[in-house]
Amino acid sequence: MKAAGKDGSERSCVVTRAVKAPDDLIRFVAGPDGVLVPDLRRKLPGRGVWASLSRKAVAEAIRRKAFERSLKTKVAVPPDLPEMIDALMLRDAQQALAMANKAGLVTAGFAKVEALIGSGRCRAVIAASDGAEDGKRKIGQAVRRAEAARESEGLKARTLPVVAIFTAADLELALGRAHVIHAALAPGPAAEGVLSRWRRLVRYRTDDTAASDQNEPEDTTEPAGPNAE
């Protein structure tokens, strides 16, 4: 069965020719200056070409000159395109975190985060990637205690996602406060926005798989098929 987007659309990867829903791909267009542009929100005008949500696939498309052939026009492809996409996706996730913070869904500080985890109202934990190993260990212990408590109460098992794509400086910028190493998300639409962007970046960095240390698994296997727009 073919993969389809929410509107029933589907596209194919310029490298593998695998047919996928748009959410499983990255769209690219030629900008007005003739430079290839990643269209992460899929809103830019013009003919688009698609690559799997994978750093490796983007690099391979550059190597094969697949973007130029698919667009059928002369286009300049930035050699650092894979790194550019990573930075754009990270910034998008950072902005989503800032929105969740404005919505009152972010708790910061080890003690407050630990309390929210224990309350059962935590949607996800955020840990600075450059934080101390001891702090990461203690947060991990708090998460495991919460999971064990649910099991002892006969509730459905649930693994709390641990978002570790942000540095402490990223968190400071997004949350508008200094020295943030640990934070937590309460349930809400804005929190889901953060997690959606986190999952996409994790998939991009892990070559279109849904694997991460604490990620919520998704099925990313798609059949082969025709090309894009």
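No hydrogens, no waters, no symmetry mates; every other heavy atom, side chains included, goes into these values.
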If hydrophobic clusters are built from ILVMFWY residues whose side chains come within less than 4.5 Å, do [X] and [Y] share one?
{"X": "Val106", "Y": "Ile181", "answer": "no"}
{"X": "Val194", "Y": "Met99", "answer": "no"}
{"X": "Val49", "Y": "Val77", "answer": "yes"}
{"X": "Val180", "Y": "Ile165", "answer": "yes"}

For the student: nearest non-hydrogen atoms of Gly46 and Val29, plus distance =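 Minimum heavy-atom contact is O-CG1, 4.3 Å.
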Write down the atom of Leu71, the atom of Gly48, and the distance for their closest heavy-atom approach.
->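 Heavy atoms only, the tightest pair is CD2-C, 4.3 Å.
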Among residues at least two apart in sequence or on other chains, which ones pass side chain to side chain contact (heavy atoms under 4.5 Å, CB included) with [X]?
{"X": "Arg42", "value": "Pro22, Asp23, Arg27, Asp39, Trp50"}
{"X": "Met84", "value": "Pro38, Pro78, Asp80, Leu81, Leu88"}
{"X": "Ala103", "value": "Leu105, Ala190"}

Return the set of residues passing side chain to side chain donor-acceptor pair (under 3.5 Å) with Glu83 (not counting sequence neighbours), or none when no residue passes.
->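 For Glu83, the residues satisfying side chain to side chain donor-acceptor pair (under 3.5 Å) (neighbours in sequence not counted) are Arg55.
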Is there any side-chain hydrogen bond (donor to acceptor under 3.5 Å, both in side chains) pair reaching into residues 101-116, and which pairs are they, with sequence neighbours excluded?
->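 Qualifying pairs: Asn101-Arg177, Glu114-Arg145.
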Sequence neighbours left out, what pairs pass side-chain hydrogen bond (donor to acceptor under 3.5 Å, both in side chains) with at least one residue falling in residues 178-197?
->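 Pairs touching residues 178-197 that pass the test: Asp92-Arg197, Arg123-Glu192.
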Hey, is Glu147 close enough to Arg150 for a salt bridge, meaning N to O under 4.0 Å?
->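 No, this pair does not count.
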Report the residue from Leu97, Ile126, Leu185 that forms a side chain to side chain contact (heavy atoms under 4.5 Å, CB included) with Val163.
->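 With Val163 as partner, side chain to side chain contact (heavy atoms under 4.5 Å, CB included) holds for just one option, Ile126.
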Backbone of Ala18 reached by a side-chain donor or acceptor of Thr16 within 3.5 Å =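 Indeed, once roles are kept as given, a pair shorter than 3.5 Å links the two residues.
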Any donor-acceptor pair under 3.5 Å linking the side chain of Asp86 with the backbone of Arg205?
->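 Looks like no, no N/O pair under 3.5 Å.
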Rounded distance [0.5 Å steps], [atom1] in [X] versus [atom2] in [Y]:
{"X": "Leu53", "Y": "Arg200", "atom1": "CG", "atom2": "CZ", "answer": "4.5 Å"}
{"X": "Ile85", "Y": "Leu90", "atom1": "CD1", "atom2": "CG", "answer": "13.5 Å"}
{"X": "Leu195", "Y": "Arg199", "atom1": "CG", "atom2": "CZ", "answer": "5.0 Å"}
{"X": "Lys20", "Y": "Leu25", "atom1": "NZ", "atom2": "CG", "answer": "6.0 Å"}
{"X": "Ile26", "Y": "Met89", "atom1": "CD1", "atom2": "CE", "answer": "5.5 Å"}
{"X": "Asp24", "Y": "Arg11", "atom1": "CG", "atom2": "CZ", "answer": "13.0 Å"}

Heavy-atom neighbours of Arg137 CZ exceed 12 at 6.0 Å |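 Buried by this count: over 12 neighbours within 6.0 Å.
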Counting heavy atoms not belonging to Lys136, are there more than 12 under 6.0 Å from its NZ?
->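 More than 12 heavy atoms, drawn from other residues, nucleotides or ligands, come within 6.0 Å of this atom.
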